[in-house]
Amino acid sequence: MTDYSELLNPEQCEAATAGDGPLLVLAAAGTGKTRTLVYRVAYLVERGEAPEGLLLLTFTNRAAREMLERAKSVAGEAVGNLWSGTFHHVCNRFLRKFADRLGYRRDFAILDRDDSRSLIDRCIKDSVLNKKEFPKKDVIASLIGNAANRACPIGQIAEESAAALKADPVEIVKVADLYAARKIEMGAMDFDDLLVNGLRLLKEHAEVRSFYCNKFRHVLVDEYQDTNLLQAEIVDILADAHRNVMAVGDDFQCIYSWRGADFRNIMEFPKRWPDCRIVRLERNYRSAPEILDVANACIKGNPEQFQKTLRPTRPNGSKPTVFSLRNGEEQAQTVLNLILRYQENGCRLRDMAVLYRAHFHSIELQMQLARSGLQYVITSGISVFEQAHVKDVIAFLKVCENNNDRLAFERMLCLLEGVGPRSAEALWGKLGNAFDSADKDQCGRLTAALRVSARGQWREIDRLLRQYHDEKLAAKGGEAVERFCDVFYRDYLNRAYDNGDKREEDIRELALQINKNGGGVAGFLQEVALLTNIDHEYDKLSRGQADKVYLSTVHQAKGLEWPVVFVIWAVEGMFPSSRSLGESEDDSEERRLFYVAVTRAKDALALCAPSMRCSRDGGVFFCKPSRFIKELPRDLVKERYGGARF
């Protein structure tokens, strides 16, 4: 037998070599969670457990493969026989064997994302009378998926979303029901159906439940804090016979409630398994002690949690710095200067990351970094100016500025109901390959050529184009963008995208940046053209290999780490987000998100809190530092007033 006490710290060893029975491993950030799980698998195999009797559930197939390879290196090739993968992967295996119990063929088709959206689109066309005002297929798909992952009726989700979408919930339910019926007719399941039907198999068919409960003597779950209600119930059922369930997770890092993760799953685990053993992993191998002090102080503000204290294993470093800055412009310049300073001192660009609460917080910084020629990459892979909704708004501005911009005009026309690329191309030809908003005859011909459903939308845009010139908005194009959003584009976003509100935030921030641009709309468009061409040059390099600064939302940064981390816009209303706090003022998940941001840093951490932000009317409003900064004991951080110089 391997001596695990020499390979693991005492808490890791306790978890990896625990006896039978339920086990909850509370693995704080950077404490070796994956290592502990891998050695638990190896220990069970060495103890004589058949690998095929082990089930390892993860949230990505990549994580499952990595754990399996590491377990093989410890316990040998036999480990390869264990069941491992995501919940969806494992449920698919269940269904391939027993789908006939639910009325499906065992070789049922799985609809990929595009197939699913196409089928929903056909259901909308076949069942909705007023398609003009109805949400697009991606929005309906998101609502259906949300209902599945929250295990609640689609009618409830439709009611909750009806006001924002300006849609009849009865019509949404009708489309969802038709979609469900057609999937059954086709003998197909979508991605969410794998979970729903996998759970149905276990609950409704005793012989199937008995088969898998007896098969799996041990069930191990990674990232348990991210499970939704369906996934937690699947785990409970599968572990019921032998009661050997190991849940590994960190309630401090439960940050995905918006996509169905239920905080109660990990908090109530000891209630559902009353004799469970709890092991806390608190020795942090990632961050300097001073960074851990800030993380510990921040997360203490959450009352409902398993109390843990990150304990350092590294030598002392430097205290995190809180920068109290004048505005977003000074913040962007400060971050740039700090990056250049670290780079001069030998730090690679890829070892630095800028984290933020929402994507629109980074727009000003992206422009500043691009102007400087400093290379950066966004974890989503898409810079702000490459995103469809930003391109739409830029197309509107291009049409305002240039009557002969065919590509921009056709893109704008394609936003109208019933206008596609071919129709837009034909319309441009009918107008004589040029467009003049001041030409009433030409505008009349265009209106007459459009479908009836699109004419009202076009009249609103046409009115904006005339206002742009009549009111001389070229010098303050941000106002033109605001009006475009108010009279037309907001409704389009909510119909076309499942995250229309977040995309609107991007547009509003873009409007502010246009107003701050000294060259007006023309100057802004020229700068965007230069920046996007630079981006394309950067993209010729491998994103994974090139030396670039990372820009990321905190959600996308979970599971990653960098030697140097900057957190921007750490102010009330932005981090924590006023949208997420809502009416309840419960900041628990926002605090966990801040904790995740802090614990991404290994060696150095800077928190930036500007005191002013531009408002939509061209004025400014004052920002208060984030409560997560104000709550920190002052001796834990260095405080700087004003930006860093390079």
Side-chain angles (χ1 to χ4, degrees), residues 1-2 4 8 11-27 32-59 63-64 67-68 70-72 74-76 78-87 89-91 93-94 198-199 201-203 206-227 230-250 265-281 306:
M1 289 287 289
T2 302
Y4 291 91
L8 304 169
E11 297 80 24
Q12 292 172 338
C13 186
E14 180 185 357
T17 62
D20 288 348
L23 174 65
L24 176 60
V25 179
L26 297 168
K33 163 183 70 70
T34 301
R35 182 178 180 82
T36 303
L37 259 172
V38 165
Y39 278 96
R40 175 63 173 172
V41 170
Y43 172 79
L44 291 173
V45 172
E46 278 196 346
R47 199 182 70 173
E49 295 287 350
E52 57 270 22
L54 307 182
L55 174 62
L56 173 61
L57 291 163
T58 62
F59 273 82
M67 287 188 198
L68 197 56
R70 289 172 63 175
K72 284 180 183 177
V74 177
V79 173
N81 293 327
L82 69 80
W83 278 46
S84 65
T86 64
F87 282 87
H89 171 80
V90 169
C91 284
R93 292 186 69 174
F94 294 170
L199 180 56
L201 263 181
L202 297 175
K203 292 176 71 172
E207 74 282 8
V208 176
R209 180 169 63 251
S210 177
F211 177 83
Y212 285 114
C213 284
N214 289 323
K215 175 179 177 58
F216 299 123
R217 280 187 44 80
H218 286 266
V219 179
L220 304 92
V221 191
D222 186 25
E223 302 286 7
Y224 187 79
Q225 79 280 348
D226 293 336
T227 54
L230 300 177
Q231 291 161 335
E233 194 169 0
I234 288 169
V235 171
D236 287 351
I237 290 172
L238 291 174
D240 185 57
H242 298 291
R243 307 193 79 258
N244 294 324
V245 55
M246 179 187 190
V248 182
D250 183 9
N265 289 342
I266 192 167
M267 295 308 299
E268 295 177 1
F269 188 87
K271 295 179 183 177
R272 299 199 312 278
W273 301 91
D275 56 339
C276 90
R277 182 175 182 177
I278 298 178
V279 178
R280 288 174 167 81
L281 305 185
F306 295 108

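All residue numbers refer to positions in the sequence shown, counting from 1.
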**Gap separating the OG atom of Ser84 from the CG atom of Leu220, nearest 0.5 angstrom** = 11.0 Å
**Asked** Ignoring hydrogens and geometry, is there a side-chain-to-backbone donor-acceptor pair from Ser210 to Ala206 under 3.5 Å?
**Response** no
**Asked** side-chain contact (heavy atoms from CB on, under 4.5 Å) between Leu54 and Leu44: does it pass, once the steps are laid out?
**Response** CA-CA 9 Å; Leu54 307 182; Leu44 291 173; 4.1 Å; yes
**Prompt:** Stepwise, does the side-chain contact (heavy atoms from CB on, under 4.5 Å) test hold for Leu57 with Trp83?
**Reply:** CA-CA 8 Å; Leu57 291 163; Trp83 278 46; over 6 Å; no
**Any Val90 side-chain heavy atom under 4.5 Å of Leu55 side chain** = yes
**Asked** How many angstroms lie between CG in Asp240 and CG in Asp236, if you round to the nearest 0.5 Å?
**Response** 8.5 Å
**Request:** Given side-chain contact (heavy atoms from CB on, under 4.5 Å), test Tyr39 with Thr17 step by step and report yes or no.
**Result:** CA-CA 8 Å; Tyr39 278 96; Thr17 62; over 6 Å; no
**Request:** Mind checking the CG-NE2 spacing from Leu56 to His218? Nearest 0.5 Å is all I need.
**Result:** 13.0 Å
**Message:** Minimum heavy-atom separation for Glu52 and Lys215, please, with both atom names.
**Reply:** O-NZ, 3.5 Å
**Message:** Any non-hydrogen side-chain atom of Thr227 less than 4.5 Å from a side-chain atom of Ile266?
**Reply:** no
**Message:** If you compare all heavy atoms of Val41 against all heavy atoms of Ala71, which two are closest, and at what distance to 0.1 Å?
**Reply:** CG1-CB, 4.1 Å
**Request:** For a side chain to side chain contact (heavy atoms under 4.5 Å, CB included) with Leu26, tell me which candidate from Phe269, Phe306, Tyr224 qualifies.
**Result:** Phe306
**Message:** Using a strict threshold of under 4.0 Å (side-chain N to carboxylate O), is an ion pair present between Glu223 and Lys33?
**Reply:** yes
**Expected output: side-chain Gln225 to main-chain Asp250 donor-acceptor under 3.5 Å** = yes
**Asked** Minimum heavy-atom separation for Leu201 to Val208, with atom names?
**Response** O-CB, 4.0 Å
**Heavy-atom pair with the smallest gap, counting every atom of Arg243 and Trp273** = NH2-CE3, 3.5 Å
**Message:** Could you measure the distance from the CG atom of Asn81 to the CG atom of Leu68? Nearest 0.5 Å is fine.
**Reply:** 9.5 Å
**Nearest atoms (heavy-atom pairs only) where Ala18 meets Tyr43** = O-CE2, 4.0 Å
**Asked** Between the main-chain N or O of Asn265 and the side-chain N or O of Arg272, is there a donor-acceptor pair closer than 3.5 Å?
**Response** yes
**Item:** Separation of Leu238 CG from Asn214 CG (nearest 0.5 Å)
**Value:** 11.0 Å
**Item:** Point-to-point distance, once rounded to the nearest 0.5 Å, from OH of Tyr212 to CD1 of Ile237
**Value:** 13.5 Å
**Request:** Mind running side-chain contact (heavy atoms from CB on, under 4.5 Å) on Phe216 and Val245 for me, showing each step along the way?
**Result:** CA-CA 10 Å; Phe216 299 123; Val245 55; over 6 Å; no
**Fill in**
Residues at least two apart in sequence or cross-chain that pass side chain to side chain donor-acceptor pair (under 3.5 Å) with Tyr4, listed by chain then number, are Glu46
**Request:** Look at the side chain of Asn244 and the backbone N and O of Arg217, then say whether any donor-acceptor pair between them is shorter than 3.5 Å.
**Result:** yes
**Request:** For residues Gln12 and Leu281, report the shortest heavy-atom separation together with the two atoms involved.
**Result:** N-CD2, 3.6 Å
